[in-house]
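None of the values given here were measured: they were computed from a predicted structure.
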Number of protein chains: 2
Amino acid sequence: MKELNQRSACPVSTSLDVLGDKWTLLILRDMVFAGKSTYGQFLQSAEKIATNILADRLSVLESQGILTKAVAVDKKSKFTYSLTEKGVETIPIIVALILWGSKHYITDIDPGLLNELQAGKDSAIEKYQRLAREKSLASLLHDA
Amino acid sequence: MKELNQRSACPVSTSLDVLGDKWTLLILRDMVFAGKSTYGQFLQSAEKIATNILADRLSVLESQGILTKAVAVDKKSKFTYSLTEKGVETIPIIVALILWGSKHYITDIDPGLLNELQAGKDSAIEKYQRLAREKSLASLLHDA
DNA sequence: TTAAAATACTTGCAAAATGCAAGTAAAAAA
DNA sequence: TTTTTTACTTGCATTTTGCAAGTATTTTAA
């Protein structure tokens with residue numbers, strides 16, 4: 001349980017106190033856009049996060065109520081991380097980063113996704129939020 | 001001139017390579033929402049950035065073409081930083097952070113701004129982008 | 001004309017965060 | 001019963017950050 005130290009009462013600053021580093025939003029990206037949900041899956045991303053950093057970020061995200069951790073349905077040695085509603089609501093941030101990055105740098109973004117985001121950003125955000133909620137709900141139902 | 005080291009070709013990752021730390025977006029916030037444009041003004045924000053970090057971030061932002069540096073109109077010992085179009089286009093990211101932060105944490109956000117953003121996010125973003133462009137254009141005209 | 005203040009940094013060093021490689025522990029598979 | 005899978009933890013080197021002090025140029029004040 002790590003307590004959040006807010007540098008100021010500014011909402012931008014506070015958001016950055018939680019999400020403002022080079023790794024946290026990549027974990028959320030992997031959950032939303034790559035369907036990942038386990039420690040091992042997060043380790044396999046192209047950016048090669050270190051194991052101790054991943055463990056630390058997952059624990060911060062959990063203690064901030066952005067994701068929840070549960071034993072996987074199939075294996076007791078595996079954990080499944082799911083987005084909370086607070087986590088689902090970071091999707092607009094991730095989408096803004098996708099649009100800015102793909103506009104100003106050379107990236108390998110999926111043209112279909114880019115098109116979808118450019119055509120109707122708000123409805124695309126709503127779609128990915130809906131999908132993320134469905135996924136989280138599904139993992140909750142499995143537990144019960 | 002610091003070269004950007006992209007960890008991967010993912011647009012989220014690349015955006016975070018540039019903007020993903022606890023200070024960079026606060027400088028841009030100060031330019032967009034507090035009308036700040038000088039080193040001394042950036043130092044006075046509530047979060048208390050260290051002088052060496054500020055100097056470093058300004059030089060990165062300049063070398064990434066997000067802002068430009070020019071001698072101030074009134075004083076030769078002062079510099080004025082202005083947003084480029086690439087910088088203006090970070091405003092959707094900042095707005096997404098404002099909305100997420102103010103929704104999930106206790107902050108002192110201006111209720112008028114919050115209302116404006118919640119009422120019509122896209123048009124509010126357009127408004128602040130237009131204002132930022134006007135401000136940058138004005139400082140360019142002063143130089144000539 | 002000269003001294004003090006303003007402005008924008010730079011430098012040195014301690015502290016914290018990150019990155020890397022190896023090790024541990026429980027559960028699952030062979 | 002041994003090996004593999006999965007999720008970490010630990011120790012240590014490197015990098016980044018933070019703090020305090022110092023420098024350089026321009027502007028203001030005496």
Side-chain angles (χ1 to χ4, degrees), chain A residues 1-8 13 16-27 30-31 36-64 67-82 139 142-143, chain B residues 1-8 13 16-27 30-31 36-63 67-82 139 143:
Chain A
M1 295 287 174
K2 284 146 191 169
E3 70 202 22
L4 179 62
N5 204 351
Q6 281 183 262
R7 288 173 294 173
S8 80
S13 165
L16 293 174
D17 289 336
V18 181
L19 307 171
D21 74 289
K22 300 219 180 291
W23 294 109
T24 301
L25 285 163
L26 293 186
I27 295 171
D30 281 348
M31 296 184 77
K36 296 185 182 181
S37 59
T38 69
Y39 184 93
Q41 288 177 324
F42 298 134
L43 280 183
Q44 285 159 30
S45 294
E47 297 86 8
K48 298 292 163 205
I49 188 170
T51 57
N52 53 342
I53 305 293
L54 175 58
D56 177 77
R57 293 306 183 278
L58 287 172
S59 93
V60 171
L61 285 168
E62 197 190 355
S63 64
Q64 286 302 313
L67 47 79
T68 56
K69 182 181 181 176
V71 174
V73 207
D74 50 333
K75 283 188 183 183
K76 283 182 187 169
S77 66
K78 226 165 82 176
F79 294 101
T80 297
Y81 292 92
S82 305
S139 73
H142 278 300
D143 290 349
Chain B
M1 296 284 174
K2 284 146 191 170
E3 69 201 23
L4 179 63
N5 203 352
Q6 281 182 264
R7 287 173 294 172
S8 80
S13 165
L16 293 175
D17 289 336
V18 181
L19 307 171
D21 74 290
K22 302 221 179 286
W23 295 111
T24 300
L25 285 163
L26 292 187
I27 295 171
D30 282 350
M31 296 184 77
K36 296 186 182 180
S37 60
T38 71
Y39 184 92
Q41 289 177 324
F42 297 135
L43 280 184
Q44 286 159 29
S45 293
E47 297 85 8
K48 297 292 166 206
I49 187 170
T51 57
N52 53 345
I53 305 293
L54 175 58
D56 176 77
R57 294 304 184 277
L58 287 172
S59 94
V60 170
L61 285 168
E62 197 189 357
S63 66
L67 47 79
T68 56
K69 182 182 183 177
V71 173
V73 208
D74 50 333
K75 284 188 182 181
K76 282 182 189 169
S77 67
K78 228 165 80 176
F79 295 101
T80 296
Y81 292 92
S82 306
S139 73
D143 289 348

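- Between C:dT18 and A:Trp23, no contact under 4.0 Å exists linking OP1 or OP2 to a side-chain N or O.
- The nucleotide whose nearest atom lies closest to any side-chain atom of B:Phe79 is, among D:dT27, C:dC9, C:dA28, C:dC9.
- Checked against C:dA27, D:dC8, D:dT17, the side chain of B:Arg57 finds its nearest nucleotide in D:dT17.
- Taking only side-chain nitrogens and oxygens, B:Tyr81 comes nearer than 4.0 Å to OP1 or OP2 of C:dC9.
- For the pair B:Asp17 (side chain) and B:Leu4 (backbone), a donor-acceptor distance under 3.5 Å is absent.
- Nearest approach of A:Leu26 to A:Lys22, heavy atoms of both residues: CD1-O, 3.5 Å.
- Side chain of B:Gln41 to main chain of B:Ser37: a donor-acceptor pair is present (N/O by atom type, distance under 3.5 Å, no hydrogens or angles).
- Summarising the geometry, atom CG belonging to A:Leu25 is positioned 5.0 Å from atom CG belonging to A:Leu19; distances are rounded to the nearest 0.5 Å.
- At least one side-chain nitrogen or oxygen of A:Lys75 sits closer than 4.0 Å to the OP1 or OP2 atom of D:dT6.
- Between the P atom of D:dT15 and the CG atom of B:Asp21 lies a distance of 18 Å, rounded to the nearest Å.
- Distance from the side chain of A:Lys69 is smallest to D:dC8 among D:dT5, C:dT7, D:dC8.
- Atoms CG (B:Asp56) and P (C:dT11) sit 13 Å apart, rounded to a whole Å.
- Remark: the B:Ser139 side chain and the B:Thr80 side chain contain no N/O donor-acceptor pair separated by less than 3.5 Å.
- Scanning residues 38-54 of chain A for heavy-atom distances under 4.0 Å to DNA chain D yields A:Thr38, A:Tyr39, A:Gly40, A:Thr51, A:Asn52.
- Between the B:Tyr81 side chain and the B:Lys36 main chain, no donor and acceptor come within less than 3.5 Å of each other.
- Here C:dA25 presents its P atom at 21 Å from NZ of A:Lys76, a figure rounded to the nearest Å.
- Rounded to an integer number of Å, the gap from A:Asp74 CG to C:dA26 C1' is 16 Å.
- Look at CG on B:Asp17: it is 15 Å from C1' on C:dT18, rounded to the nearest Å.
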>> Working note: A:Asp56 + A:Trp23, criterion side chain to side chain contact (heavy atoms under 4.5 Å, CB included); need CA distance, chi angles, decisive distance, verdict.
In response: CA-CA 10 Å; A:Asp56 177 77; A:Trp23 294 109; over 6 Å; no
